[in-house]
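Here the structure comes first, spelled out in structure tokens, and everything after it is commentary.
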Amino acid sequence: GHPSVSEAAAIGVPDSLTGEAIVCFVVLKPNHPSDAAVLEAEVIRALGKTFRPKEIRFVSDLPKTRSAKIVRRVIRAKYLGAPLGDLASIENPSAIEEVAKEKPER
């Protein structure tokens, strides 16, 4: 819902404190700054503190099928270092590698 966000995907990941935490992957619109704190505040405003993301990662693209659906199962598997499974339906496999890149410091 933020004006600088082109598209985003959220996944649930294991968390020792809460059981499961949210990690967001965000594609920004051209010429918009990457400000995780602003996006985190927007999520809290829209959904509440319970849904505060554990992490927000900025990527240039999200893995999608040929029909442009974001493939969250692949994002989650890559993030967790698990087997990716069948990738035959992925239109842009290069986007998968960006998911696993180390998080830049805020």
Open item on the list: For Arg73, give me all partners under salt bridge (charged side-chain N to carboxylate O under 4.0 Å, His left out), at least two apart in sequence or on another chain.
Closed with: none
Task: salt bridge (charged side-chain N to carboxylate O under 4.0 Å, His left out) against Arg72, all qualifying residues, sequence neighbours excluded - done: none
Task: Check: Ile11 and Ile22 side chains under 4.5 Å, non-hydrogen atoms - done: no
TODO: Report the residues that fulfil side chain to side chain donor-acceptor pair (under 3.5 Å) with Lys78, sequence neighbours left out, ordered by chain and then residue number.
DONE: Glu97
Task: With Thr18 via side chain to side chain donor-acceptor pair (under 3.5 Å) - residues at least two apart - done: Asp15
Task: Cluster check Val38, Phe51: I/L/V/M/F/W/Y, side chain < 4.5 angstrom - done: no
TODO: Drop me the distance from Tyr79's OH to Glu55's CD, to the nearest 0.5 angstrom.
DONE: 4.0 Å
Task: Those residues that, when tested against Ser67, pass side chain to side chain donor-acceptor pair (under 3.5 Å) (two or more places apart) - done: Thr65
Side-chain donor-acceptor pairs of residues 84-95 under 3.5 Å, sequence neighbours excluded:
{"residue": "Asp86", "atom": "OD1", "partner": "Ala88", "partner atom": "N", "Å": "3.0"}
{"residue": "Asn92", "atom": "OD1", "partner": "Lys64", "partner atom": "N", "Å": "2.9"}
{"residue": "Asn92", "atom": "ND2", "partner": "Asp61", "partner atom": "OD2", "Å": "2.6"}
{"residue": "Asn92", "atom": "ND2", "partner": "Leu62", "partner atom": "O", "Å": "3.0"}

- [ ] State, yes or no, whether a side-chain contact exists between Ile75 and Pro63 at a heavy-atom distance under 4.5 Å.
- [x] yes
TODO: Find out if a path of hydrophobic residues (ILVMFWY) with successive side-chain heavy-atom gaps under 4.5 Å connects Leu39 to Ile44.
DONE: no
- [ ] Check the surroundings of atom NZ in Lys69: do more than 12 heavy atoms from other residues, nucleotides or ligands lie under 6.0 Å from it?
- [x] no
